[in-house]
Amino acid sequence: MSRASAPGRSPGARPRTGYDVVVAGGGPAGCAAALALARAGRQVLLADAGTGPPKAGEALVSAGGVLLDDLGAGDRVLGSGHLTCYANLSAWGSYELRAVDFVNDPQGPGWHLDRKVFDGRLREAVRAAGAEVVEGTAVRRPVRRPDGGWILVLRGPGGDRAVRCRWLVDATGRGAAIAVRCGAVRRVRDRLTAVCLALDAAPGAADGCSLVESVEDGWWYTAPLPRGRRLITYFTDTDLPSAALRTAEQVRLRVRATRYVGRRAGPHGFAVSAVPRRAPAYSAYLDRVYGEGWVAAGDAAVAFDPFSSQGVLTALYTGMSAGRAVDARLRGEVGALEGYAEGVRRARAAYVRGHRGVHAQEARWAHRAFWARRLAAAGDGARR
């Protein structure tokens with residue numbers, strides 16, 4: 001949708017220059033915040049820069065569907081185009097393959113997402129809720145006004161556009177561009193990176209399950225993708241030699257050494273032209289998730305190791321919670337943002353406890369740097 005045809009304006013009308021809230025970032029966190037605010041009757045602009053690494057193969061647990069329903073977008077976003085996730089398989093801490101299935105989950109199974117479809121439909125839901133959405137557009141040079149609001153520049157394909165707003169939501173990802181500019185400090189807990197490769201379609205190869213397999217210098221993840229394709233991802237630390245995977249052939253040789261991931265990848269083949277991509281996967285958080293006129297959500301506020309399978313869910317939860325908190329603050333509820341910050345703190349504390357516990361289970365390669373670092377962190381947590 002073009003700016004001229006955005007909800008709330010007649011075709012040919014001049015773009016608005018003032019909003020209650022500008023949301024920077026068009027992923028799940030930014031869209032959830034914009035939806036919460038628009039449904040509360042706020043004038044919202046969502047700016048999606050579209051410059052982050054491409055997303056593929058991410059999962060959403062069934063609780064995510066409940067959050068999307070709360071935002072009025074469940075059927076629109078999850079109605080089709082994604083694969084059902086029936087179980088999580090893992091070979092972690094031993095060579096035995098274990099399964100956690102969702103047959104008895106009262107909320108049902110989760111989803112293997114087509115992230116391009118998922119994010120695009122979320123932005124469509126934001127538009128349908130009455131917010132303005134501009135794509136390929138970044139928020140630049142936010143400056144505080146004397147009255148406490150903001151003046152900022154939207155830089156997009158049509159050139160620069162100056163707008164005003166009362167609040168900013170930073171959903172720009174792990175970089176937390178706005179929050180850091182406003183004085184927040186990012187705390188990074190590790191050096192985890194992901195090397196991802198999408199494999200070609202193989203008829204009948206999809207099994208409806210994700211699989212995690214730990215190895216001596218990290219761990220592998222694989223899951224089916226829509227249209228018969230498959231994603232394989234290797235997680236290790238950026239400073240280790242194991243991170244130097246530049247070609248599909250290098251990935252193939254390494255995955256051959258696995259017990260389980262290789263069996264699922266084999267039928268798909270490794271196209272010579274395929275190029276592995278890299279994505280940040282480290283755990284991080286901000287020392288404060290809100291300030292005067294701004295709030296951070298999603299990975300900008302708190303980013304989790306993908307092993308937790310909570311990335312998209314946390315983005316939706318923090319985005320929705322941040323949007324509701326900003327709306328409450330605009331209505332005069334002074335403590336609304338502190339309540340949001342406390343919710344983020346509790347979520348991060350629970351994640352850290354779980355992360356330490358899970359990594360403490362893998363002691364087969366305690367002498368290797370990747371696992372020694374995580375075992376040391378688990379020990380530190382147990383002594384506190």
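Along the sequence shown, residues carry numbers from 1.
Hydrophobic clustering of Ile, Leu, Val, Met, Phe, Trp and Tyr side chains at less than 4.5 Å, counting indirect connections, unites Phe235 with Leu240. Cluster membership for Val61 and Val302, using ILVMFWY side-chain heavy atoms within less than 4.5 angstrom, is shared. When hydrophobic clusters are built by joining Ile, Leu, Val, Met, Phe, Trp and Tyr residues whose side-chain heavy atoms come closer than 4.5 Å, directly or via intermediates, Trp219 is not grouped with Ile232. Clustering ILVMFWY residues whenever any of their side-chain heavy atoms sit less than 4.5 angstrom apart, transitively, puts Trp150 in the very cluster that holds Val22. Residue Val255 is not grouped with residue Leu231 when hydrophobic side chains (ILVMFWY) are merged at heavy-atom distances under 4.5 angstrom, including chains of intermediate members.
With contacts defined as side-chain heavy-atom distances shorter than 4.5 Å, the pair Ser283/Arg348 does not qualify. Contact check for Val21 versus Leu330: side-chain heavy atoms found under the 4.5 Å cut-off. Val344 has its side chain out of reach of Tyr285: every pair of non-hydrogen atoms, C-beta onward, lies at least 4.5 Å apart. By the 4.5 Å heavy-atom criterion applied to side chains, His355 and Phe304 are not counted as neighbours. At least one side-chain heavy atom of Tyr340 sits under 4.5 Å from a side-chain heavy atom of Val289. Counting only heavy atoms from C-beta outward, the side chains of Cys31 and Asp119 never approach each other to under 4.5 Å. A heavy-atom distance below 4.5 Å is not found between the side chains of Val44 and Trp167. Counting only heavy atoms from C-beta outward, the side chains of Cys165 and Leu45 never approach each other to under 4.5 Å.
Proximity of a side-chain donor or acceptor of Thr236 to a complementary backbone N or O of Ser242 within less than 3.5 Å is not detected. Formation of a donor-acceptor pair under 3.5 Å by the Ser94 side chain with backbone atoms of Glu96 is found in this model. Under a 3.5 Å cut-off, the side chain of Asp170 and the backbone N or O of Ala179 do form a donor-acceptor pair. Listed for the Trp294 side chain is no donor-acceptor partner under 3.5 Å among the backbone atoms of Cys182. Judged by distance alone, the side chain of Thr137 and the main-chain N or O of Glu135 form a donor-acceptor pair under 3.5 Å. Formation of a donor-acceptor pair under 3.5 Å by the Thr238 side chain with backbone atoms of Leu192 is not found in this model. For Arg329 (side chain) and Leu337 (main-chain N/O), no donor-acceptor pair under 3.5 Å exists by modelled atom type. Judged by distance alone, with hydrogens and angles left aside, the side-chain atoms of Trp365 form no donor-acceptor pair with the main-chain N or O of Phe370 at under 3.5 Å. Using a distance-only test at 3.5 Å, with no hydrogens or angles considered, a donor-acceptor pair links the side chain of Arg278 to the main chain of Leu245.
Taking the ring centroids of Phe118 and Trp111, they lie at or beyond the 6.0 Å cut-off.
The salt bridge (charged side-chain N to carboxylate O under 4.0 Å, His left out) test with Asp217 singles out one residue from Arg368, Arg364, Arg373, and that residue is Arg368. No option in Asp305, Asp190, Asp237 other than Asp237 meets the side chain to side chain donor-acceptor pair (under 3.5 Å) test with Arg374. Among Glu132, Arg164, Arg166, the single residue meeting the side chain to side chain donor-acceptor pair (under 3.5 Å) criterion with Tyr19 is Glu132.
Using modelled atom types and a 3.5 Å distance limit, the side chains of Thr222 and Arg230 yield a donor-acceptor pair. Side-chain contact of Thr314 with Tyr351: a donor-acceptor pair under 3.5 Å is absent, judged by distance alone.
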Evaluate side chain to side chain contact (heavy atoms under 4.5 Å, CB included) for Val212 paired with Trp92, printing each intermediate quantity in order. CA-CA 7 Å; Val212 170; Trp92 188 279; 3.7 Å; yes
Run the side chain to side chain contact (heavy atoms under 4.5 Å, CB included) check on Val215 and Val261 step by step: do they pass? CA-CA 11 Å; Val215 292; Val261 174; over 6 Å; no
Verdict with supporting geometry, His82 and Leu113, side chain to side chain contact (heavy atoms under 4.5 Å, CB included): CA-CA 5 Å; His82 311 292; Leu113 298 177; 3.9 Å; yes
The test is side chain to side chain contact (heavy atoms under 4.5 Å, CB included); show your working for Leu197 and Arg252 and say whether it passes. CA-CA 10 Å; Leu197 189 65; Arg252 185 187 71 82; over 6 Å; no
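When all heavy atoms of Arg277 and Ala279 are compared, the pair lying nearest together is NH1-CB, 4.0 Å. Heavy-atom minimum distance, Ala184 versus Leu286: CB-CD2, 4.2 Å. Listed here is the closest heavy atom pair of Ala125 and Ala73: CB-CB, 3.9 Å. For the pair Ala372 and Ala366, the tightest heavy-atom approach, listed with the atom from each and the gap, is CB-O, 3.4 Å. Of all non-hydrogen atoms in Gly208 and Pro224, the two that sit nearest each other are N-CG, 4.2 Å. What you find for Tyr290 and Ala341 is that their closest heavy atoms are CE2-CB, 3.9 Å.
The CZ atom of Arg155 sits 5.0 Å away from the CZ atom of Arg141 when rounded to the nearest 0.5 Å. We find the OG-CG distance between Ser210 and Leu83 to be 12.0 Å, quoted to the nearest 0.5 Å. Taken from CG in Asp287 to CZ in Arg186, the straight-line distance is 11.5 Å, to the nearest 0.5 Å. One finds the CG atom of Leu199 at 8.5 Å from the CG atom of Leu225 (value rounded to the nearest 0.5 Å). From Arg76, atom CZ reaches atom CG of Leu78 across 12.5 Å, with rounding to the nearest 0.5 Å. Atom CD1 of Ile151 sits about 10.5 Å away from atom OG1 of Thr17, to the nearest 0.5 Å.
Note on Asp114 versus Arg229: no salt bridge recorded, every NZ/NE/NH1/NH2 to OD/OE distance being 4.0 Å or above. Between Arg127 and Glu124 no salt bridge is recorded (no basic side-chain N to carboxylate O distance below 4.0 Å). The pair Glu338-Arg345 meets the salt-bridge criterion, since a charged nitrogen lies less than 4.0 angstrom from a carboxylate oxygen.
More than 12 heavy atoms of other shown residues, nucleotides or ligands fall within 6.0 angstrom of atom CG in Asp160.
Cation-pi geometry between Arg264 and Tyr260 is not satisfied (NZ or CZ under 6.0 Å from the ring centre, within 45° of the ring normal).
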